[in-house]
Structures are given as C-alpha cells and as structure tokens.
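In what follows, chains are A, B, ... by sequence order, proteins preceding strands, each numbered from 1.
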Number of protein chains: 2
Amino acid sequence: MNQLILKTPLSEAQEDYLKQILLLSSGGTGSLEPTLAVSTQDLADEMQIKPASVTGMLKKLSEHGLVEHEAYRGVRLTATGYKVALEVLRHHRLIEAYLHQALGYGWEEVHAEAERLEHHISEAFEARIAEWLGHPSHDPHGDPIPSAQLELPQDAPSQRLSSLEDGEYGLVMRVATQDQDALNLLARLGIRPGAKVEMLMLGHSVEGTRVRVGEQRYLLPTNLAQMVWVSPLGDEYAG
Amino acid sequence: MNQLILKTPLSEAQEDYLKQILLLSSGGTGSLEPTLAVSTQDLADEMQIKPASVTGMLKKLSEHGLVEHEAYRGVRLTATGYKVALEVLRHHRLIEAYLHQALGYGWEEVHAEAERLEHHISEAFEARIAEWLGHPSHDPHGDPIPSAQLELPQDAPSQRLSSLEDGEYGLVMRVATQDQDALNLLARLGIRPGAKVEMLMLGHSVEGTRVRVGEQRYLLPTNLAQMVWVSPLGDEYAG
DNA sequence: CAACATTTTTAGGTTAGCCTAAACTTAGGT
DNA sequence: ACCTAAGTTTAGGCTAACCTAAAAATGTTG
C-alpha cells in the first residue's frame, strides 16, 4: 500500500546498497534509526565488493537523491532513501516470516532465500503474505518488521547474551547475524528467539562464554554470544 | 531433486530465451515436444527485443551447448537446453499454482508475478511448494507442469473452442495466452479451466464466435476463442 | 532466373555494475 | 608540525545484454 513512487525504478544493486547503509548506520542494535554515517570500507566489506565500486554507486545514489555522500566522510540516507531501505527490509523480513511459518523452513534457513526474493515480489505479494501472517511485528530472527506505513515496532530493551552476569537468566529476543554457519550452530544448540539461556558461574573467560540451554551446558565463542540479544529474567525463573 | 548441473549458472535472460524457444517450438499446442526450429524473428517478437540482439544471445547459448543454431535457418534446443527449459517452466507453473491456491490470487493474475519469481527461487522452495500443492499436474491456466523428473503429464486430447460445432458443449481445459488483457476478459466472462461453454447456433461468423457461459450469451472475438482449449462434451450435458 | 523484399547477421555503440592500479586525502603518533 | 598508514577516489577496463544501421543471405515472384 505504501508503494514509493520514484522517477527511476531502482536496480537490485541499488536497493541492496540502501538496505546495507541502513543496517550499518543503525549499528546492529536493532533500533534502525540511521544515526551514524557509514564508511565506504564498511559497505565494501559487508557487500563483498571493492571500495572503488562503492564510491561509484554512492555517486549514482547521491544523484538520485537517495543518499548524501560527503567525500572521505561517509554516507547517510536521505528521507527518501530511508523509506526505500525500510521497504526493502520489510520485504525481506516478511518473506523470512512467511517461509518459516507457511512453508516450514527452519528459522536459520530463511535468510538466503529472502535475500534473493526481496527484490522480485510485487506490492500485491507483500500485502498477501502480510495478511496471511497476521501482520507480524518481528521476523524469525527476532528482527523488527516495518509496518506497511514503514513504522517500526517499539522493542523492549534488551542486551547482548555476552553481557549477562554470572548466574543470570535471559530470554532470547534476537539473533543478530546473517552468517549462515553462525546461524546453523546457534540453531543446533537451540539458541533461538524464545529460548531461555542461563549464564553459568564463571561464564566469562578468554576461552569463551559458558551458558546453559535446557539441560545442556555449552562453551560458546564469545563473538557468537554477542550476536544473541536477550531480555534478562532474574534468577528466580530457573528451570 | 532434479537440479541440473551446468558449468556456468545461467542468467535470467538466458533462462528466458530457453523457455521461449521451447514454447515457440512446440507451437502453442500444449504438447511441449520441441518439434520445429524457431526463427530469430519470432523470438524477437515474443520477447520484445530486436532480432540483432537475439542473434547475439543465440551465439552464446550455442557455445554453451544449450541450443543448435544454424545461421539463417533457426534454432533448436539440445537435450540439455530442453531440460533447462522444462525446469524453468516447472518453476513458473508451480509458482502460478501456488499463488492461486495458497495466496488467493485470481487465475488470470498469476502470470506476471510468476514471470519474475521463476528465476529467483531455490530448488528447496520449488520442492516445498510442490509438496504443499500435492504435486499438481496442471497450473491455473490448465498448462501442464513438468514433474520433478521433468516428465510431462499425458493430456487428454482437446480442441480449440473456436472449432466446436454449432450447439456443441465443451469443458474448458486450457486458456493458452499470456496476454493480460485477454486473460482479464476471459476471467470476467467466467471462461476458465473447468467451466462449461456452449457453441451457439450460427456461432461462427465474421463478427466473432457466439458462445454461452452459464446463463449468459457472448459474442467473443474469434482470436480469443482460439486461445481457449476445450474437451467436447456432447449436447446431452446441456444445462 | 534475375531482382527485390524479407530475414538475418555483422559492426559498432550504450549502460549498469563490477574490477585493478595509481593518486590522493585524512588522521594518528612522535 | 610532519610523516606514514589507512581509507578513499579517480582513471581506465571488462562483461552482459541490450540498441541502431548497414551488409549479406534467402527465397519468392514475374
């Protein structure tokens, strides 16, 4: 319903740039407010292309009024660019939710498929799957889905699993990575949105982060523990 | 299941060429046996591009061993090219069926959406929607869907609606056009797979083709009546 | 069977989006 | 304040898939 009207329809590459600028500028906290400027390098790393190619594309996006690019100082989304990025993100996350709930994909499997489909569905398709899903506010990774009006749901505050105190319990709210191997591992351990995780005593060490999920104890690489966002439960919820 | 392994993954454009060569070479009869060679001109017309562009692409497809192109004499699919074309067609028609049955699209609306999606779904997605649908043999237009092994269902013989005798009844089996306006008109009149149509007395004239659908009588442009394939029912099934 | 209209190919050009290599900021350490 | 490393931009290339214009092959027809 919120079909944005632009002079030129955007290419797949252009949509991906805008989406990545949004994700990087909001710093992976899930809040999606485009605060910081994003560097050419960071975009290049994220998109697996060379910085020189990024510069070229930023010039084009800038001419189209979708970003503001100050040479050597990074790039920011304009109001229009921000809306387009949210629209792409809405497509992506609705598709993830649909693949999971309607077609039985595992929550860790949906990203790659959504990544390709997000650029090729119509507004009608978006509307129909949103309807089927009951207009969900979050995707299977716990990421917020912009509404049809491109507004973001208000998320309860959460913290990284790695920041829980020894003995503290957390309810997993988000798994914030797109790395397929990381997703596979976390899925295998049962660390997914809705799961309860305990930070073990002496849980923080150079060897990693020690946690309990269900009956099992795991030594988790700390960088993985940083990708998992939890809402603390207090020790009384043990079990 | 039947993921074809090719040295180079094909581009969207290449897949479209192979699909169109298959559809044109089987002459729109629905049988999908690649009998005739296809001319550069016909491909150019169908795909809305210039003949010169077609020649260039045929050269490339020929180098990849997907078609045999004899200069000035048209093009044919090789065995490999035929399989790829069937795979693309399977994607297309499964998607059409899924959009219709799972997401409530009208049968006349599904083509455009499927046209874009067919190139961007994984084999896993194909398998899941095929499963959900119960491995259908035909899409919402009545076109046959190649099986996962790329075999085609055996269709009962049918004839064009325009070839029914005066007073004869026909059961609509296929609506063989991709023209959106033609589809809209036929859908509005209730002429869809499964519908029963009567050829009226004096039904054939230069003004068009006169038919009855349900309670209503229509003067149908004859070219539209030629797109509709029916299985004759005999007059006794009146009503 | 020669001439012409049609079809097809060739030759050369465009745009999008990537690349490499080299030149140019900018910022940090002393 | 300078010098260097890191980050960025410029310049020049490449490929895919389209285009136009002109040349060449085909086949139909008088």
Contact under 4.0 Å: [X] side-chain N or O vs [N] OP1/OP2:
X	N	result
B/Thr55	C/dT10	no
A/Ser53	C/dC18	no
B/His69	C/dT8	no
A/Tyr17	C/dC18	yes

Separation of atom [atom1] in [X] from atom [atom2] in [N], rounded to whole Å:
X	N	atom1	atom2	answer
A/Gln14	C/dC18	CD	P	10 Å
A/Glu15	C/dA16	CD	P	16 Å
A/Leu61	C/dA16	CG	P	12 Å
B/Leu10	D/dA17	CG	C1'	15 Å
A/Lys50	D/dC14	NZ	C1'	16 Å
B/Met57	D/dC18	CE	C1'	9 Å
B/Gln48	D/dC18	CD	P	12 Å
A/Arg73	D/dT9	CZ	P	11 Å

Quick one: do A/Glu68 and A/Lys59 satisfy salt bridge (charged side-chain N to carboxylate O under 4.0 Å, His left out)? Show the steps, please.
CA-CA 9 Å; A/Glu68 271 165 37; A/Lys59 184 159 173 252; over 6 Å; no
Is it true that A/Glu115 and A/Lys19 have a side-chain N and a carboxylate O under 4.0 angstrom from each other?
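The answer is yes: the pair qualifies as a salt bridge.
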Sole residue of B/Glu96, B/Glu15, B/Glu126 in salt bridge (charged side-chain N to carboxylate O under 4.0 Å, His left out) with B/Arg90
B/Glu126
Taking the six-membered ring for Trp and the full ring for Phe, Tyr or His, determine whether the centres of B/His91 and B/His119 are under 6.0 Å apart.
no
Where each residue is assigned the nucleotide of DNA chain C containing its nearest heavy atom, which of A/Glu12 and B/Ala52 is assigned the position nearer the 5′ end?
B/Ala52
May I ask you to check whether B/Glu12 and B/His120 show a side-chain donor-acceptor distance below 3.5 Å?
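Present: a donor and an acceptor within the cut-off.
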Which nucleotide sits closest to the side chain of B/Lys60: C/dT8, D/dA16, D/dA21?
D/dA16
Under 4.0 Å, counting only non-hydrogen atoms across every strand here, what does A/Ala13 touch: a base, just sugar-phosphate, or nothing?
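Since only primed, P, OP1 and OP2 atoms lie under 4.0 Å of A/Ala13, the category is sugar-phosphate.
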With a non-hydrogen cut-off below 4.0 angstrom, is A/Thr40 in contact with a base, only sugar-phosphate, or nothing?
sugar-phosphate
